[in-house]
Structure formats: structure tokens, C-alpha cells
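Count residues from 1 along the sequence.
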Amino acid sequence: MTTITFITGANKGLGYETARRLTELGHTVILGARDPERGEAAAGRLGVRFVPIDVTVAQAAADVEAHEGRVDRIINNAGIVGSHAKAEDLVGDDAALVLDTNVSSIVRVTHAFLPLLRRSDDPAVINVSSGMGSQTLTHDPDRVESTIAAPLYTASKAAVTMLTMQYAKAMPGVRFNAADPGYTATDFNRYSGTQTVTEGTDAIVTLATEPPTAGTGRYIDRFGPVPW
């Protein structure tokens, strides 16, 4: 049976490369994006179906139910850096925007798609986190994560990882795991990353293609488990 995979924020960068790789591996990929024009264009290049997710996530889930009837993988990839203001100039609205986009959106997508996931024989949710949300890595002087100060983004990714682990505990019938892409060259960091976009999607693809016996409640990068 073909694995049906829905990916958010998949019109560019890591999401697009994940969609490309999983399509090549035989997944039926559904490309989710907020911008209809960019989403349609990206889906057209990949030969996959586009579903807009900007209006309401519930409408996107209803669309997938009508067309595919179930979903086997949800990859929550959409995320933003947020304001580039100095830390002392950040305000509550800046935090609300980043946390809503990077964290609350995972809750919305999970809630909306859970009935479709439960129709799968092997349901899994992969949340794209970051080593920037790891206290261990951000305190390690040998790691690039320790050289960057981004209060809102890092806090949101720490929340993404914990949210993933709590979902894994609360819903043992669905595998929930988090992926750290690593420092990857995308427009997200103005292409300053040291990894290729393919290397940056290795952990995501691993989690999307591994067997059910691989387990739940894990946090990995392309080399293995990531310390918190």
C-alpha cells in the first residue's frame, strides 16, 4: 500500500526537498503551503497534489479526506524566524507570531488530521525541530548553535521538541518524532548553512520511511539522537 504523506511549508527549502525525495521513494505526497501560487507551482514541478493550508487547517484535512481518504505521515515543516529586532526590542506580538507559526500550527494540524492518521496501519507525525532548541547544543562552544542568539526562534523549537515528546506519550497509537535538519543552506539562513538541502532532509526522510518498530518519542539528526 502506498504511503500517503502530507507536508506543510513544502513549496521551498527543506519541505520541498523532502517532498521531492519522498515522491522518488514512492510516497503519495500532498504538498501543503500557505501561498496558492507558489504552492501550485511547486506541486506542478514535483508532479504532486497541492492543498492550501492558509484558510483553515480543517478545510485542508477535509480536502485530503475527500481525495485520499487517509494519511500515513504528517510532516510539520512550516516555520519562521520571526523578528530580527534586538532582544531588548522584542515585544509580545513578536513572540506570539513565532510561537503561533512554529508551535501552535503543529497542534492545529495534528488535531485536524488525527482522524485521517488513525485510518492508517502505520501512522506517524514528524515535527521539524532544530538543534537551536537544544540546551546542550546551544551551550557547546564547538557547535554553531552556541554562536547564535535568536530568543524567539530557539524557544519555539525547544517547545516543538517537548510537544513532540508529550504527544508521543499521550497517543501511543501514533508515532511522534522530531527531526533536527542541522545547519543547512536555505533561504531561511541566507544560504549560510554548511549542509546541502539534501543532507538537511536526511533525518526527516529517515523518520518518514522507517518501520513502526523504530519507535516513538525520539529526536534525531542525520547522525543519530540529538541531546536536549
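For R21 (side chain) and T198 (main-chain N/O), a donor-acceptor pair under 3.5 Å exists by modelled atom type. One N or O on the side chain of S146 and one on the backbone of D140 form a donor-acceptor pair closer than 3.5 Å. When atom types are taken as modelled, the side chain of D221 and the backbone of D180 share no donor-acceptor pair closer than 3.5 angstrom. Between the side chain of T8 and the backbone N or O of N77, at least one donor-acceptor pair lies under 3.5 Å. Between the side chain of T5 and the backbone N or O of V29 there is no donor-acceptor pair closer than 3.5 Å. S134 places a side-chain N or O within 3.5 Å of a backbone atom of P227 that can act as its donor or acceptor partner. Without hydrogens or angle criteria, T196 side chain to E199 main chain gives a donor-acceptor distance under 3.5 Å. Panel note: side chain T161, backbone K157; a donor-acceptor pair is recorded below 3.5 Å. The backbone N or O of G215 lies less than 3.5 Å from a partner atom in the side chain of N177, making a donor-acceptor pair. A donor-acceptor pair under 3.5 Å links the side-chain atoms of D94 to the main chain of V91, judged by distance alone.
Between the OG1 atom of T18 and the NE2 atom of H27 there is a distance of 11.0 Å, given to the nearest 0.5 Å. Distance check, rounded to the nearest 0.5 Å: CE of M171 to CD of Q166 gives 11.0 Å. Note that CG of N76 and OG of S129 are 11.5 Å apart. Values are rounded to the nearest 0.5 Å. A distance of 13.5 Å separates CE in M162 from CG in N127, rounded to the nearest 0.5 Å.
Scanning both residues, F6 and I53, for their nearest heavy atoms gives CZ-CG2, 3.5 Å. For the residue pair T138 and G131, the shortest heavy atom distance occurs at CG2-O, 4.0 Å. Here the closest non-hydrogen pair linking V81 and H84 is CG1-CE1, 4.0 Å. Here the shortest heavy-atom pairing between A179 and I204 reads CB-CG1, 3.8 Å. Smallest separation of non-hydrogen atoms from A112 and V57: CB-CG1, 3.5 Å. When all heavy atoms of A203 and R222 are compared, the pair lying nearest together is CB-N, 3.9 Å.
Taken together through direct or relayed side-chain contacts under 4.5 Å among Ile, Leu, Val, Met, Phe, Trp and Tyr, V109 and L22 form parts of separate hydrophobic clusters. I30 and L25 fall into different hydrophobic clusters, defined by Ile, Leu, Val, Met, Phe, Trp and Tyr side-chain heavy atoms under 4.5 Å apart, directly or through other members. There is no path of hydrophobic side-chain contacts, each under 4.5 Å, that joins I74 to M165. In the hydrophobic clustering of this structure, L137 does not group with L152; members are Ile, Leu, Val, Met, Phe, Trp, Tyr whose side-chain heavy atoms approach within less than 4.5 Å, directly or through other members. No chain of hydrophobic side-chain contacts below 4.5 Å, direct or via other Ile, Leu, Val, Met, Phe, Trp or Tyr residues, connects V107 to I75.
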Side chain to side chain contact (heavy atoms under 4.5 Å, CB included) between T110 and I106, intermediate numbers included: CA-CA 6 Å; T110 300; I106 292 176; 3.9 Å; yes
Steps toward side chain to side chain contact (heavy atoms under 4.5 Å, CB included) verdict (L114, V174): CA-CA 9 Å; L114 193 56; V174 179; 4.2 Å; yes
Steps toward side chain to side chain contact (heavy atoms under 4.5 Å, CB included) verdict (Y16, L46): CA-CA 9 Å; Y16 182 87; L46 293 172; 3.6 Å; yes
Stepwise salt bridge (charged side-chain N to carboxylate O under 4.0 Å, His left out) check, R49 with D63: CA-CA 11 Å; R49 200 167 75 80; D63 186 299; 2.7 Å; yes
Full working for side chain to side chain contact (heavy atoms under 4.5 Å, CB included) between L90 and S83: CA-CA 8 Å; L90 294 171; S83 173; 3.9 Å; yes
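L207 has its side chain within reach of R218: a pair of non-hydrogen atoms, C-beta onward, lies under 4.5 Å apart. With contacts defined as side-chain heavy-atom distances shorter than 4.5 Å, the pair N102/Y153 qualifies. Counting heavy atoms from C-beta outward, D122 and D72 have side chains that stay 4.5 Å or more apart. Looking at F176 and L163, their side chains never come closer than 4.5 Å, going by heavy atoms from C-beta outward. A 4.5 Å side-chain heavy-atom check between V197 and L14 finds at least one atom pair inside the cut-off. The side-chain heavy atoms of I4 and L116, taken from C-beta on, include no pair separated by under 4.5 Å. P181 is listed as a side-chain neighbour of V128, based on a closest heavy-atom distance under 4.5 Å.
Residues meeting the side-chain hydrogen bond (donor to acceptor under 3.5 Å, both in side chains) test with R118, sequence neighbours left out: none. With sequence neighbours excluded, the residues forming a salt bridge (charged side-chain N to carboxylate O under 4.0 Å, His left out) with R119 are E65, listed by chain and number.
Heavy atoms from other residues, nucleotides or ligands lying under 6.0 Å from CD of E24 number more than 12. Other residues, nucleotides and ligands place no more than 12 heavy atoms under 6.0 Å from the CZ atom of R34. Counting non-hydrogen atoms of neighbouring residues, nucleotides and ligands closer than 6.0 angstrom, the CZ atom of R38 reaches no more than 12 such neighbours. D121 CG: 12 or fewer foreign heavy atoms inside a 6.0 Å radius.
Between Y219 and W228, the ring-plane angle classifies as perpendicular under the 30° and 60° cut-offs.
Taking 4.0 Å as the cut-off between side-chain N and carboxylate O, R20 and E17 count as a salt-bridged pair.
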